[in-house]
J.: 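Got a structure for you, written out below as structure tokens; questions coming shortly.
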Amino acid sequence: MNPLLVTDDRLFVLTGAGVSAESGLATFRGSGGLWNGYRVDQVATPEAWQADPLLVWQFYSMRRRDALAAEPNAAHRALAALEQRMGDRFYLCTQNVDDLHERGGSVRVHHMHGSLFDSRCMRCDTPFADRNFYETAADLPRCADCGEAVRPHIVWFGEVPLDMDGIYRQLDRATVVLVVGTSGSVYPAAGFVQIANQRGIRTVYVGPEEPLNAEVFDDVVLGTATEVLQRLL
């Protein structure tokens, strides 16, 4: 394939669960979508929250523990190094809710599905940093201002990803779209490459297996992100 970038290119990067998986974090779709016998959509929907907030918080407390134990990998570091070179011509949109991109050195990161280490009040609706674990009924957090229940700042199934307008603005200004480690099955993220195609933006996929939407990419590079990105970038 041709070199990924030339002088003055503007790069839009979309990363998915495959990048975090290379740091040892479970991809719940890939593991059958189960956690302790519960389907992920039973602990990651507004309806699940209404039915059993304790179970939801136990699930996200477990995910916080796992993320804190993980370390950024070579793919995270390669993207961070590229950002240092490109500056504001680089934009990273991730479907992942962990903080491995930031710990790997990235600064311009948008978490379209929310952040594992933020929470927000159901009434005030303002996110705040939170690395606590809530694993018993007595632990369940309440807002310090209004007393309402506090939920994970995560986009659940059936909710709208964060700042879609900002994402589309970044797509508009891109000359290359690089998609790494995502299956091509989760919308609206899976539709970004089709928007790029309509606008004449070059599209490149990196992952160990072809995504479900492989036919819409200009280039598909098979291999793990840790292997491929170091030589591609």
Side-chain angles (χ1 to χ4, degrees), residues 1-6 9-31 63-117 154 161-162 167 170-171 174-186 189-190 192-193 196 201-214 216-233:
M1 61 178 281
N2 295 327
L4 177 65
L5 298 169
V6 297
D9 263 334
R10 296 182 301 277
L11 180 64
F12 180 109
V13 182
L14 173 69
T15 62
V19 178
S20 294
E22 292 183 44
S23 287
L25 293 182
T27 59
F28 293 101
R29 289 176 182 272
S31 61
R63 293 193 68 184
R64 284 180 177 180
R65 290 185 188 280
D66 288 349
L68 287 170
E71 294 294 335
N73 60 49
H76 296 110
R77 292 190 289 272
L79 288 169
L82 181 62
E83 179 186 358
Q84 286 189 327
R85 298 200 302 270
M86 296 187 70
D88 63 6
R89 292 184 293 114
F90 176 97
Y91 176 80
L92 173 55
C93 177
T94 185
Q95 296 171 276
N96 300 330
V97 296
D98 58 67
D99 63 349
L100 292 176
H101 278 302
E102 287 88 346
R103 286 198 277 140
S106 290
V107 177
R108 296 169 178 84
V109 184
H110 173 59
H111 289 267
M112 65 179 295
H113 291 159
S115 171
L116 194 55
F117 297 107
I154 299 290
L162 304 176
I167 293 172
Q170 292 292 335
L171 269 175
T175 59
V176 179
V177 169
L178 172 64
V179 177
V180 186
T182 180
S183 64
S185 63
V186 179
F192 293 167
V193 63
I201 301 168
R202 184 184 174 199
T203 55
V204 179
Y205 177 83
V206 171
E209 299 175 349
E210 287 194 350
L212 296 177
N213 56 348
V216 300
F217 284 92
D218 294 319
D219 296 287
V220 173
V221 184
L222 296 183
T224 63
T226 51
E227 295 169 344
V228 173
L229 290 186
Q230 292 183 92
R231 68 172 188 263
L232 191 63
L233 302 179

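All values below were derived from every heavy atom in this structure, side-chain atoms included, with hydrogens, water molecules and symmetry-related copies excluded. A quick note: this is a predicted structure, and the numbers were derived from the prediction, not measured. We count residues from 1, following the sequence as given.
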J.: Working to the nearest 0.5 angstrom, can you tell me the gap between Gln84 CD and Phe90 CZ?
T.: 10.5 Å
J.: Which pair of non-hydrogen atoms, one from Ala80 and one from Gly104, has the smallest distance, and what is that distance?
T.: CB-O, 3.3 Å
J.: Mind checking the CD-CG spacing from Glu71 to Leu25? Nearest 0.5 Å is all I need.
T.: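 That separation rounds to 10.5 Å.
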J.: Only counting residues at least two apart or in another chain, list the ones meeting side-chain contact (heavy atoms from CB on, under 4.5 Å) with Glu22.
T.: Asn73, Thr224, Ala225, Thr226
J.: Over all heavy atoms of both residues, which pair between Val109 and His101 is shortest? Give the atoms and the distance, please.
T.: CG2-CB, 4.2 Å
J.: Within the 4.5 Å heavy-atom criterion, are Leu229 and Leu178 side-chain neighbours or not?
T.: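 The answer is yes, as the side chains (C-beta and beyond) meet within the 4.5 Å cut-off.
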J.: Below 4.5 Å, heavy atoms only, C-beta onward: do Phe117 and Leu68 meet side chain to side chain?
T.: yes
J.: Would you find a donor on one side and an acceptor on the other, under 3.5 Å apart, between the side chain of Tyr205 and the backbone of Thr182?
T.: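 Yes: the side chain of Tyr205 pairs with the backbone of Thr182.
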J.: Compare all side-chain heavy atoms of Leu82 with those of Val13 and state whether any distance is below 4.5 angstrom.
T.: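 Answer no - side chains too far apart.
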J.: Rounded to the nearest 0.5 Å, what's the gap from OG1 on Thr175 to CG on Leu11? Could you check?
T.: 7.5 Å
J.: Taking only residues two or more places apart in sequence, or in another chain, which ones meet Arg108 in a side-chain hydrogen bond (donor to acceptor under 3.5 Å, both in side chains)?
T.: Glu83
J.: Using only atom types and a distance under 3.5 Å, with no angle test, would you say the side chain of His110 pairs donor to acceptor with the backbone of Leu162?
T.: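 Yes.
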J.: Tell me the closest heavy-atom pair linking Ile167 and Met112, and the distance in Å.
T.: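 For Ile167 versus Met112, the nearest heavy atoms are CD1-CB, 3.9 Å.
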J.: Of all residues at least two apart in sequence or in a different chain, which pass the side-chain hydrogen bond (donor to acceptor under 3.5 Å, both in side chains) check with Ser20?
T.: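 Ser20: side-chain hydrogen bond (donor to acceptor under 3.5 Å, both in side chains) contacts with Asn96, Asp98.
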J.: Which distance, rounded to the nearest 0.5 Å, do you find between the OG of Ser106 and the CG of Leu100?
T.: 10.5 Å
J.: Please list, chain by chain and in numerical order, all residues satisfying side-chain contact (heavy atoms from CB on, under 4.5 Å) with Asp218, sequence neighbours excluded.
T.: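 Asp218 satisfies side-chain contact (heavy atoms from CB on, under 4.5 Å) with Arg202, Thr203 only.
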J.: Given 3.5 Å as the limit, does a donor-acceptor pair link the side chain of His113 with the main chain of Gln95, or not?
T.: yes
J.: If you measure from CZ on Arg231 to CG on Leu4, what distance do you get to the nearest 0.5 Å?
T.: 12.0 Å
J.: May I ask you to test the Val177-Phe217 pair for a side-chain heavy-atom distance under 4.5 Å?
T.: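 No, too far: nothing below the 4.5 Å cut-off.
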J.: Looking at Val19 and Ala75, what are the two nearest heavy atoms and their distance?
T.: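 Shortest heavy-atom separation between Val19 and Ala75 comes out as CG1-CB, 4.3 Å.
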J.: Mind checking what makes side-chain hydrogen bond (donor to acceptor under 3.5 Å, both in side chains) contact with Arg64, not counting sequence neighbours?
T.: Ser119
J.: With distance as the sole test, does Arg77 use its side chain to make a donor-acceptor pair with the main-chain N or O of Gly105 at under 3.5 Å?
T.: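 Not confirmed, Arg77 side chain does not pair with Gly105 backbone.
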J.: With sequence neighbours excluded, tell me which residues meet ring-ring contact (aromatic ring centres under 6.0 Å, His included) with His111.
T.: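 Here no residue qualifies.
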J.: With under 30° as parallel and over 60° as perpendicular, where do the rings of Phe192 and Phe12 fit, or are they tilted in between?
T.: perpendicular
J.: In Å, rounded to the nearest 0.5 Å, how long is the span from CG of Leu14 to CD of Gln170?
T.: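 Output value for this atom pair is 13.0 Å.
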J.: Of all heavy-atom pairs between Ala214 and Val220, which one has the smallest distance, and what is that distance?
T.: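 Looks like O-CG2, 3.9 Å.
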